[in-house]
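Down below is the structure, laid out as structure tokens.
Just so it is clear, the structure is predicted and the values come from calculations on it, not from any experiment.
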Amino acid sequence: MSAPGLTPTTYCTWRALLPADRDYVVLPSRSHPVLAADRDAAVLEYVRRSLLAQPPGTRLPGWAYESARQVLRSGLAWRVAPRWQPSTEQRSAHEARFAEWVRESGHRVAVIDHSHDPDARAVLLLFASGAAVPSIAVKVATTDAAVARIAGERSRLEQLAQAPLQAVRDSVPQLAQLPVAAGDALLATTAVDGEPMFVAYYRNGHSRNVHAVRRDFRTAGEWLALLQAEPTGAPAPLGVSAGTRAGAREQLGSAGDECDRVLGGLAALDRRLAAHQTPRRVVHGDFWPGNVIVRDGEVCGVIDWERWEPAGDPVRDLGRFAVAYSLYLDRQTRTGARVRGHAGLVAGSPTGGVGYALDGSGWYPSTVRNFVTAGLSRLGLPAALGRDVVLAELAALAAESTNPDFARKLWRTFGALSEHTR
């Protein structure tokens, strides 16, 4: 069916996009759902297999989530999960029309809504009738601030379709056309059949398993090498972006000791990096485990291309993956306790997992450093640059963050590691 050109200028509520005549499972509870799904055997099995994991910061131990996953193999177990039915009240015309299309087309739905950022977006996964995996992923702007991000990402994906990505094209999502007007608050793409690397990261001791972690870095590095196999621009100096410096001033205030220390660290870092150059290449821009989709131990997809560049600084993707993988190593350990599997890491330490990766000893720091060193070698850069490449991306991640608490934590980590460099 087709729909009239309804184009909202404000955010959507994902609850209002779901057909009201169905029964949904919501986790962890009806009052605070992070995940909702049609009570359909194939959809619920996909949720159990590909989405359900221990969230960061939870007080429940990892074994409880792994046990829950095993229990939920049974269809009977899902019957005791919280149930919910959406209301049709206060739906916009656009939301009602989308929900009607989902119902009439026979698509089943799983919804992921775990972000609390000011520009948060939920993801609706649409399963065609009878399918065991989703075919369409719909991002939903759940705040007014997120609407601009949706528009920007749509524009970036249109440009990405023309990029030279032959070696990895099959792993890149494409814009999807729906027979119902998507509007400013919704963005539909093809879905990737696999499991986010970050989901496995939080399961059953994955991040302390030497072989599992090394496989993650190996597969990520292999995919990145394919993405950046051919130069797309002339050699240019490395460096700290103007946006990173501007972000530091905005988030930390233009005056004060902390801001001065960070800006001083960024200036020194920029000077060191600028002494080296490499040809520009295609850059993903947010290459972290949450955006890497794996199947059978290999990368089958990479999502969220809103920060991609056709001819950017390729060391950024190396640094971003190393930073993001390291940041969460201690998130499931109480402050002051040693992190299992990582003898040199204490939860809540000033430099955290990133400092451990850069300056620690043991299998994990060597894995990270080998990953970065291999990438730098591929780009014709010296291994000695590895620490600075990771620091620069730690700062870039802080500058991009729309969560003030998270940004400040990253700046404190950057400041402590920059002092150590001096």
Side-chain angles (χ1 to χ4, degrees), residues 1-26 33 35-40 42-44 46-47 51 84-113 115 119-161 172-193 301 303-306:
M1 61 177 283
S2 298
L6 300 170
T7 305
T9 56
T10 57
Y11 66 88
C12 283
T13 302
W14 63 258
R15 295 168 179 80
L17 297 172
L18 304 186
D21 58 348
R22 297 184 186 174
D23 187 21
Y24 299 90
V25 171
V26 288
L35 189 145
D38 266 300
R39 191 176 289 275
D40 173 272
V43 174
L44 294 178
Y46 180 87
V47 168
L51 301 180
W84 169 79
Q85 286 185 308
S87 169
T88 59
E89 296 179 4
Q90 298 181 336
R91 290 190 184 201
S92 69
H94 175 79
E95 290 168 336
R97 186 59 63 99
F98 185 90
E100 180 185 359
W101 170 73
V102 173
R103 181 180 62 79
E104 291 188 357
S105 65
H107 280 92
R108 294 145 309 139
V109 181
V111 186
I112 310 162
D113 182 23
S115 175
D119 54 358
R121 294 160 298 168
V123 177
L124 271 68
L125 298 175
L126 300 180
F127 298 70
S129 179
V133 297
S135 56
I136 300 173
V138 182
K139 284 190 178 179
V140 182
T142 59
T143 68
D144 280 329
V147 175
R149 286 194 66 181
I150 288 286
E153 185 171 1
R154 181 180 292 108
S155 176
R156 300 297 286 155
L157 284 172
E158 290 171 349
Q159 297 167 22
L160 184 66
V172 178
Q174 309 295 311
L175 283 169
Q177 297 298 321
L178 300 177
V180 59
D184 295 339
L186 304 180
L187 174 65
T189 68
T190 54
V192 178
D193 175 21
I303 60 175
D304 286 353
W305 287 77
E306 63 180 300

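Checked by atom type and distance alone, the side chain of Arg15 never pairs as donor or acceptor with a backbone atom of Pro86 at under 3.5 Å. A donor-acceptor pair under 3.5 Å is formed between the side chain of Gln174 and the backbone N or O of Val172. No donor-acceptor distance shorter than 3.5 angstrom exists from the side chain of Glu306 to the backbone of Gly152, with no hydrogens or angles considered.
Residues Ala146 and Ala120 share a closest heavy-atom pair of CB-O, 3.2 Å. Scanning both residues, Pro134 and Ala191, for their nearest heavy atoms gives O-CB, 3.6 Å. Nearest heavy atom pair, residue Gly301 against residue Val192, reads CA-CG1, 3.7 Å. In this structure, Pro173 and Leu157 approach most closely via the heavy-atom pair O-CD2, 4.3 Å. Between Val26 and Ala36, the shortest heavy-atom distance links the atoms CG1-CB, 3.8 Å. Scanning both residues, Pro19 and Ala99, for their nearest heavy atoms gives CG-O, 3.6 Å.
For the side chain to side chain contact (heavy atoms under 4.5 Å, CB included) test, residues two or more places apart in sequence or in another chain that qualify with Ala145 are Asp119, Thr143.
Salt-bridge formation is not detected for the pair Asp304/Arg149: no Lys NZ or Arg NE/NH1/NH2 atom is positioned less than 4.0 Å from an Asp or Glu carboxylate oxygen.
Side-chain N/O atoms of His107 and Ser105 include a donor and acceptor closer than 3.5 Å.
For the pair Glu153 and Arg121, the minimum side-chain heavy-atom distance is below 4.5 Å. With a 4.5 Å cut-off on side-chain heavy atoms, Leu18 and Trp84 count as touching. For the pair Ile136/Thr189, no side-chain contact is recorded, criterion being any heavy-atom separation below 4.5 Å from C-beta on. Between Val180 and Glu104 there is no side-chain heavy-atom pair separated by less than 4.5 Å.
For the atom pair CG (Leu186) and CZ (Arg154), the distance works out to 8.0 Å, reported to the nearest 0.5 Å. One distance of note links OG1 of Thr142 with OH of Tyr11; it measures 8.5 Å at 0.5 Å rounding. Here the straight-line distance linking atom CG of Leu17 with atom CZ of Arg91 works out to 7.5 Å at 0.5 Å rounding. Annotation: the span from Arg39 atom CZ to Tyr24 atom OH amounts to 12.0 Å, rounded to 0.5 Å. Between the CG atom in Leu124 and the CG atom in Leu187 there is a gap of 12.0 Å [rounded to 0.5 Å].
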Check against side chain to side chain contact (heavy atoms under 4.5 Å, CB included), Val123 and Val140: CA-CA 6 Å; Val123 177; Val140 182; over 6 Å; no

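Remark: Gln90 CD is loosely packed, at most 12 non-hydrogen atoms of other residues, nucleotides or ligands lying under 6.0 Å away.
With Arg108 as reference, Asp40 is the one residue of Asp38, Asp23, Asp40 to meet the salt bridge (charged side-chain N to carboxylate O under 4.0 Å, His left out) rule.
Pairs of residues two or more places apart, or lying in two chains, that qualify as ring pair (Phe, Tyr, Trp, His ring centres under 6.0 Å) and include a residue from residues 124-145 are Tyr46-Phe127.
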